[in-house]
Asker: 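Sending over a structure as structure tokens; questions will come in a sec.
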Amino acid sequence: MTTENPTVEENKRSLNFIEQIVENDLKEGRDNGRVQTRFPPEPNGYLHIGHAKAICIDFGIAEKYGGTCNLRFDDTNPVKEEVEYVDSIMEDIEWLGFHWDNVYYASDYFQQLWDFAEKLIKEGKAYVDEQSSEEIARQKGTPTLPGTDSPYRNRPVEESMELFHKMNSGEISEGQMVLRAKIDMASPNMHMRDPIIYRVIHMPHHRTGTKWKVYPMYDFAHGQCDYFEGVTHSLCTLEFEVHRPLYDWFIDQLADSDYRPRQTEFNRLNLTYTVMSKRRLLELVQDGLVTGWDDPRMPTLAGMRRRGYTPEAIRGFIDKIGYTKYDGMNDVSLLEFAVREDLNARVARVSGVIDPVKLILTNYPEGQVEEMEAINNPEDEGMGSRMVKFSRELWIERDDFMEDAPRKYFRLTPGNEVRLKNGYIVKCTGCKKDDEGNVVEVYAEYDPMTKSGMPEANRRVRGTIHWVSVPHSLDAEVRLYDRLFMVEDPLAEKDKEFKDLINPESLVVRKGCKVEEYLADVKPLENFQFQRIGYFNVDTDSTSGALVFNRTVALRDSWKGGSK
Ligand code: ATP
Ligand code: MG
């Protein structure tokens, strides 16, 4: 969109197939040039990144073509739906950076849907079936074998009407009767074989209370809601392709003008090493396998936000994978790459030591403190620099020292020189160990002529390590997150429950980490790069007295698969 004067051809090529359909419709003057979409979540769980893909196209199309996108809660099943989910869905859409024009609920249309069902009954296009769901399923036939008519299929209109009213008055118990559309029991499309359109549910609804005892099925509600609202482009995922003839059939019975909402399907987002279904994610929450819907390992938008993923990174990833007509798996490392790319450009580099051991510069004056300049972000000069305190005792990573190091080890080992980031070059002289042989202190001598700007500052040394001055450090808890599952597709494993495939190292908690003073006043969800380690953000559990950081993503992709 930012290209200058793209030729028509260039413009065409960069459009995805949905945009092409919309542009074609506009060219042909369909719906008087009106574009209206909707995002229709069922409030039965938190949104996951798959929903973000639908959100980006639903809201994106409306934005791009000056149209309208409404948020519509598909609240047709009171058994699974809750207000908590409604609230979280709105929060997540806004966080992603989208704005709806109106909020609607499928339950707003219960009366209209009821009236439409009555119309179908009157026209002999719907009937009440008193068989059990097992019996109805048995009569469905197979894709190659026609179904069998229900014995109630041709019952008188008045009888169906009376029973339909009884279904809604509470006289009929759940499962005792259903309303079915009378279409074609021999259709090659199984969805057209007299689909169930209403069932009895005696549970109160979170918006309509006990007013209704019958609830419309998804197929009966969705298209009609689109129609009532004036949706022009009803975008959904590929599994609904086979439902489209039914969607169109209902609209044909309902419409009294040329206007028709039209359904277009695109491929789902499926990510490796996770599961992408609210039902499955709910199981993880209910079984306590994660700490909640916003556990930073969850593929939910709430989890990703808490983990430090940015809306820009998620949108960039979705843009990269695009919209097609073919289902497949998307590699989570592509998402992680997008997260790194985004954070790299805009977050401050700071020092954090995850597994600290003390380094003592034995020739550095006791009590002396210097201030070293640290560039906040080499990718963005505008972010400036800050002063970091340096002293005789520094925290360094335990694995930046080795007593007996192999030849290619360029960090601290006796006799070797390394650069302390933004500080001096130091030469390692040895260490002190406890009775069990654990290193408790590392010793080195600094070269006073090697501070930045000094004559020897550019002397060539192979290794650079980060540090935090001991008297100027803060304690922190660091939560190291990794992929939630050990295998690419946890649902595809034979003889294994997906819940048994959780990566035991998906969360490793490290206490007693050391971070620089600069981080004293951080706010929840702020992002940083802990230099040399990865991107981290401030967890929502963090307080000024007890800092908690999450590893958003490591600096490099180091996934080796499962537990070691
Ligand atoms: P789940 O199985 O996770 O509950 P759903 O399809 O039942 O997903 P809805 O709340 O009914 O969830 O979906 C709202 C919209 O989001 C629908 O248009 C649906 O097609 C879309 N959607 C759901 N999952 C994905 C996905 N993985 N990729 C792209 N779009 C998705
Ligand atoms: Mg659903």
Side-chain angles (χ1 to χ4, degrees), residues 16 18 37-62 69-77 79-82 84-90 92-93 96 98 100 103-107 216-223 225-226 229 231 233-244 247 261-285 293 298-304 314-315 317-332 334-335 489-491 498:
N16 65 43
I18 298 171
T37 59
R38 84 290 167 266
F39 174 62
E42 183 178 0
N44 62 345
Y46 280 58
L47 296 182
H48 50 62
I49 190 173
H51 295 110
K53 178 171 179 171
I55 290 171
C56 286
I57 194 77
D58 290 331
F59 287 92
I61 287 283
C69 180
N70 297 317
L71 169 60
R72 181 172 71 231
F73 289 103
D74 175 18
D75 57 347
T76 48
N77 185 353
V79 179
K80 296 187 295 175
E81 294 151 11
E82 285 175 34
E84 176 197 351
Y85 299 140
V86 169
D87 296 341
S88 76
I89 288 169
M90 296 208 223
D92 289 347
I93 296 171
L96 268 184
F98 293 104
W100 51 84
V103 182
Y104 296 128
Y105 294 81
S107 54
M217 301 297 287
Y218 170 89
D219 279 321
F220 190 70
H222 197 84
C225 292
D226 285 346
E229 286 169 8
V231 168
H233 297 84
S234 182
L235 311 174
C236 62
T237 35
L238 280 172
E239 70 270 23
F240 293 104
E241 198 165 13
V242 286
H243 295 243
R244 193 181 343 130
Y247 179 103
R262 199 162 33 136
Q263 178 179 301
T264 302
E265 309 84 11
F266 59 87
N267 62 331
R268 292 176 70 84
L269 190 168
N270 293 308
L271 263 196
T272 53
Y273 297 100
T274 192
V275 292
M276 201 70 84
S277 125
K278 281 177 283 183
R279 184 168 65 81
R280 298 283 180 14
L281 296 173
L282 177 64
E283 275 185 62
L284 296 177
V285 173
W293 285 98
M298 292 279 268
T300 51
L301 295 178
M304 290 185 172
I314 292 172
R315 289 167 67 161
F317 166 70
I318 286 166
D319 206 42
K320 259 186 213 120
I321 59 173
Y323 295 83
T324 74
K325 278 281 187 187
Y326 307 96
D327 264 327
M329 266 286 185
N330 301 104
D331 193 337
V332 69
L334 199 62
L335 171 61
D489 186 356
L491 299 175
F498 78 102

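Order of appearance sets the numbers: ligands from 1, and atoms from 1 within every ligand. Along the sequence shown, residues are numbered consecutively beginning with 1. The model shown is predicted, which means the values in this text are computed figures rather than measured ones.
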Asker: Under 3.5 Å, N or O to N or O, is K278 touching ligand 1 that way?
Answerer: yes

Asker: By number and element, which atoms of ligand 1 are closer than 4.0 Å to a non-hydrogen atom of M276?
Answerer: 3 (O), 27 (N)

Asker: Which atoms of ligand 1 sit under 4.0 Å from any heavy atom of S277?
Answerer: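 With S277 as reference, the close atoms of ligand 1 come out as 3 (O).
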
Asker: Output all residues satisfying ring pair (Phe, Tyr, Trp, His ring centres under 6.0 Å) with F73, sequence neighbours left out; order by chain, then residue number.
Answerer: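 Listed in chain order: Y105.
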
Asker: If you measure from each heavy atom of H48 to ligand 1, is any distance below 4.0 Å?
Answerer: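 Yes.
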
Asker: Take E265 and R244, measure what salt bridge (charged side-chain N to carboxylate O under 4.0 Å, His left out) needs, and give me the verdict at the end.
Answerer: CA-CA 9 Å; E265 309 84 11; R244 193 181 343 130; 2.8 Å; yes

Asker: Look only at interatomic distance and state if R38 has a nitrogen or oxygen under 3.5 Å from any nitrogen or oxygen of ligand 1.
Answerer: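 No, since none of the N or O atoms of R38 sits under 3.5 Å from an N or O of ligand 1.
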
Asker: Ignoring hydrogens, what is the shortest heavy-atom contact between D226 and S234? Give both atom names and the distance.
Answerer: OD2-OG, 2.6 Å

Asker: Among P40, P43, P299, which one puts a heavy atom closest to atom 17 (C) of ligand 1?
Answerer: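 Closest candidate by heavy-atom distance is P40.
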
Asker: In ligand 1, which numbered atoms sit nearer than 4.0 Å to a non-hydrogen atom of L269?
Answerer: 26 (C), 27 (N), 28 (N), 29 (C)

Asker: Who gets closest to atom 25 (C) of ligand 1 by heavy atom: S234, C56, G50?
Answerer: G50

Asker: Show me which atoms of ligand 1 lie under 4.0 Å from any heavy atom of A54.
Answerer: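 Those qualifying, in numeric order: 16 (O), 21 (C), 30 (N).
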
Asker: Just jot down the ring pair (Phe, Tyr, Trp, His ring centres under 6.0 Å) partners of H233, sequence neighbours excluded, or say none.
Answerer: none

Asker: Under 4.0 Å from a heavy atom of T237: give me the atoms of ligand 1 that qualify, with their elements.
Answerer: 19 (C), 20 (O), 29 (C), 30 (N), 31 (C)

Asker: Identify whether NZ of Lys or CZ of Arg in R280 sits under 6.0 Å from the centre of the six-membered ring of F498 and within 45° of that ring's axis.
Answerer: yes

Asker: Could you tell me whether H222 and Y218 have their ring centroids closer than 6.0 angstrom?
Answerer: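 Yes; Y218 has its ring centre under 6.0 Å from that of H222.
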
Asker: Quick one: OG1 on T264 to CZ on F240, what's the gap to the nearest 0.5 Å?
Answerer: 14.0 Å

Asker: Can you tell which of R279, K278, E82, E81 makes a side-chain hydrogen bond (donor to acceptor under 3.5 Å, both in side chains) with N44?
Answerer: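 Single side-chain hydrogen bond (donor to acceptor under 3.5 Å, both in side chains) partner of N44 among R279, K278, E82, E81: K278.
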
Asker: Below 3.5 angstrom, do we get any N/O pair linking R279 and ligand 1?
Answerer: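 No, since none of the N or O atoms of R279 sits under 3.5 Å from an N or O of ligand 1.
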
